[in-house]
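First comes the structure, then the notes that go with it.
Naming convention: chains lettered A, B, ... in sequence-line order (proteins, then strands); numbering from 1 in each chain.
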2 protein chains.
Amino acid sequence: MRRPTLNDVARAAGVSYATADRVLNNRGSVSGKSRRRVQQAIADLGYVRDQQAANLSRRRQFQFRFILPIGNHSFFQALHAAVAEEAPVQRGDRVDLSIVGTPALNADAQAAALDAVGEDCDCVAVVATRTERVTAAIRALDARGIGVITLVSDAAPEVRRAYIGIDNRTAGRTAGRLMEIAHGARAGLVLPIVGALQASDHRDRLDGLHDALAGTMPAIEILPAISVQDRADLMRDMLPRALAARPDISGIYSIGAGNRGLLEVLARHRGPRPFTIVHELTPVTREGLSGGLFDAVIDQKPAQEVRRAIEVMKAIATGNAWRDPARDITPAIYVKENMPLEGGSPRAL
Amino acid sequence: MRRPTLNDVARAAGVSYATADRVLNNRGSVSGKSRRRVQQAIADLGYVRDQQAANLSRRRQFQFRFILPIGNHSFFQALHAAVAEEAPVQRGDRVDLSIVGTPALNADAQAAALDAVGEDCDCVAVVATRTERVTAAIRALDARGIGVITLVSDAAPEVRRAYIGIDNRTAGRTAGRLMEIAHGARAGLVLPIVGALQASDHRDRLDGLHDALAGTMPAIEILPAISVQDRADLMRDMLPRALAARPDISGIYSIGAGNRGLLEVLARHRGPRPFTIVHELTPVTREGLSGGLFDAVIDQKPAQEVRRAIEVMKAIATGNAWRDPARDITPAIYVKENMPLEGGSPRAL
DNA sequence: CAAAAATTGATTGACGTCTATCAAACCCCC
DNA sequence: GGGGGTTTGATAGACGTCAATCAATTTTTG
């Protein structure tokens, strides 16, 4: 019951190993008859190429580079940690991961990091900004034969090979639906809080919120978004004023970061607490969920995205097909009860 | 910049390949001095054993068996499909998956399937029932050196190596929290629908619902559960009567299967529609979500569970440590907006 | 029919690790 | 310092595939 090798295939097809190899890897010239017999034998025996032996023989070693924003956002830190955690595991499978950090939202730095990718690199994943410079840099890399995928934040779709990340408009719609559920069939007033409206992901989420709440009856209205630059201090400053101005606010949708400030403001808030949705599972948002100050977290599961990215990068590097990631990467909804445990250290046998 | 091999390590440590190998795989006898020098060299060079070459050389081939319930429940079909889909992929990585179906909820058949596992099998995953016979069968397998993990439904924790699946009580609590959110701060009446209360997963979910809604103010009350045996026809029969008996029902929590019937009943239902939560993303529940008759689906992401199970089985078979799956396997909440697309065919390059 | 071209077979040496064997070198103890 | 045990080195043949070479055979072509 040993699994068949290419030698078995050759024997079954009545040809030499060399010919079977030529068919399998279509190289050299093979007559139609031999080709058919080999393919038949492959089908009959259920032969599947041993990837591990193949990789060994080809001395195939993948170099993948992740270009990630650095910054004190917990989300980026989590993303970074997720890549770092995969590195030693992948190392044993002949895949080397390297990480380059760039200042967040800096298109020049990103383009520079892309340009700096060496020839030995097989594929690049970048948390992209959608700018001319980055588009050009990605195109240049592709011309050098190095595929680029985008992670978390997309670039121009025509230049990258795949995008691994959630659709932010969908995320916003999901938040809107939760708002609607939380309002029952009552009217309401939702305050969106963004980092900056220039950021396309924030804008998309806000658009999604509008999509979902348009035409609710009775109406759930949406206030103009306040911008806190993803900073907790600005949140502490601006949010109380906004809440004071409109005491009838029944929902808060925090689209970006700075949620430490949000948490503090809500803790001090008098009166009925607005239904509060925030983004990304981080220490702060976990605290908010457990403490009951945040009602729901919309998360993109960065660790899963990273694993998925590596899968797709392998497929690109080997020229195989891959599953369209858009199908299974959707924003996750966490409430207090289904929030996953933090950490997750390996358990000894 | 080739990655270091064990030969490089030996050279750096100033010992022979044989000695380095003895240290790495601790076999034979090695002096403390040599051992230290080799370990130092491993650390210095950042040597990581090439798993693929190692597997090849050991002719390590894993045989994993999945023992799954058969039945016309879409969930089990999805689980089956998920395993079947992984099979060819894993095949290329020297892992053979085989599936054995047993009649659902039949402990004898399950125990028989466990007993029938051959010596060449390295690890077994079973959707278990928590019964004496199954416990004994698992223990017997373990005694033969074949580890057993449970999938989706747990057995006695002391006999299995790991459980891959959601905590059903948590799932029930999650449903309860959604109910609470949907009720705003209003009173309500929730009707739970189970397959059978003997099934521990259904009982756990129901308990979770009670946990979450206990002490809500004003009270959200929970009716006694009706049992529809996971059958759509019984659902069509019993549910309308239950709804007629208590027109003030404001929420429905469908804990098991038979949701085709639920969908039809809700479509015909007059008056305000109860907030409806169901389990498992299947064609029927997708339809319910898109059509707006179901409000939320709690899903256990079977495909992800299967991949996770294979990972853990590999770790068990090789004697490595594995991550505690309980940390990241939590019930997912889907609403209409964040529901993943069906299918997910591979995309060509 | 002969020459040219296409196809095939046989073989070889990697790739990095595992496993085993045998002889040589070293250590400790009496 | 000699004997017994322990540690070490050197080496070789797998594992399944890749990639290449060269000679032998078949087919095509003029």
Side-chain angles (χ1 to χ4, degrees), chain A residues 1-39 41-42 45-62 90-96 317-320, chain B residues 1-39 41-42 45-62 90-96 317-320:
Chain A
M1 281 297 292
R2 210 179 83 272
R3 60 184 270 165
T5 71
L6 193 49
N7 244 314
D8 300 327
V9 170
R11 206 170 315 119
V15 300
S16 72
Y17 179 91
T19 300
D21 172 74
R22 286 188 260 254
V23 173
L24 186 64
N25 299 303
N26 37 251
R27 59 173 147 219
S29 52
V30 184
S31 67
K33 195 175 72 171
S34 297
R35 165 163 291 114
R36 271 189 303 277
R37 296 182 60 180
V38 170
Q39 280 162 346
I42 287 178
L45 300 183
Y47 169 80
V48 177
R49 183 207 306 260
D50 183 329
Q51 273 306 331
Q52 318 210 8
N55 288 344
L56 177 60
S57 174
R58 292 186 222 233
R59 42 216 103 162
R60 183 173 269 172
Q61 264 255 102
F62 296 124
Q90 295 294 328
R91 195 94 199 286
D93 280 344
R94 315 180 72 81
V95 176
D96 269 348
T318 54
N320 290 330
Chain B
M1 278 302 292
R2 211 180 82 272
R3 58 182 274 165
T5 71
L6 192 50
N7 245 315
D8 300 327
V9 170
R11 205 170 315 118
V15 300
S16 70
Y17 179 90
T19 300
D21 171 76
R22 285 189 261 254
V23 173
L24 186 65
N25 299 303
N26 37 248
R27 59 174 149 214
S29 50
V30 184
S31 67
K33 196 174 71 173
S34 297
R35 165 164 290 113
R36 272 188 304 278
R37 296 183 61 181
V38 170
Q39 280 162 345
I42 287 178
L45 300 184
Y47 169 79
V48 177
R49 183 206 310 257
D50 183 329
Q51 273 306 331
Q52 317 208 13
N55 288 344
L56 177 60
S57 174
R58 292 186 220 227
R59 2 190 153 189
R60 185 173 269 171
Q61 265 253 100
F62 296 125
Q90 296 293 327
R91 195 95 200 285
D93 281 345
R94 314 181 73 79
V95 175
D96 269 347
T318 54
N320 290 329

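Thr5(B) and Tyr47(B) get closest at one heavy-atom pair: C-CE1, 3.6 Å.
Looking at the side chain of Asp21(B), the nearest of the listed nucleotides dC15(C), dT11(D), dT19(C) is dT19(C). Ranking dT7(D), dA10(C), dC18(D) by closeness to the Arg49(A) side chain, first place goes to dC18(D). Distance from the side chain of Thr5(B) is smallest for dG16(C) among the nucleotides dT8(C), dT6(D), dG16(C). Which of dC15(D), dT17(D), dA10(C) sits closest to the side chain of Ala53(A) comes down to dT17(D). Counting only heavy atoms from C-beta on, Arg58(A) has its side chain closest to dC18(D) among dC18(D), dC18(C), dT17(C). Taking only side-chain atoms of Ser34(A), from C-beta outward, the nucleotide of dT8(C), dA10(D), dG16(D) with the closest atom is dT8(C). With distances taken from any side-chain atom of Tyr47(B) to the nucleotides dT11(D), dT8(D), dT17(C), the minimum falls on dT17(C).
An OP1 or OP2 oxygen of dT19(C) is reached within less than 4.0 angstrom by no side-chain nitrogen or oxygen of Asn25(B). In this structure, Ser29(A) does not reach the dT8(C) phosphate: none of its side-chain N or O atoms is under 4.0 Å from OP1 or OP2.
At a threshold of 4.0 angstrom between heavy atoms, the contacts of Leu56(B) include nucleobase atoms, whether or not backbone atoms are also involved. Nucleic acid contact class of Asn55(A) (heavy atoms, under 4.0 Å, all strands): none.
Taking the nucleotide of DNA chain C with the nearest heavy atom to each of Arg59(B) and Arg35(A), the more 5' of the two is matched to Arg35(A). In this structure, Ala54(A) and Val30(B) both approach DNA chain D, and ranking their closest nucleotides by distance from the 5' end singles out Val30(B). Nearest-nucleotide positions on DNA chain D place Ser57(A) closer to the 5' end than the other of Ser57(A) and Arg22(A).
Atom-to-atom, OH of Tyr17(A) to P of dT12(C) comes out at 15 Å; the value is rounded to the nearest Å.
A side-chain donor-acceptor contact under 3.5 Å links Arg3(A) to the backbone of Arg91(B).
A distance of 12.0 Å separates CG in Leu56(B) from CD in Gln51(B), rounded to the nearest 0.5 Å.
Donor-acceptor pairing under 3.5 Å is recorded for the side chains of Gln52(A) and Asn55(B).
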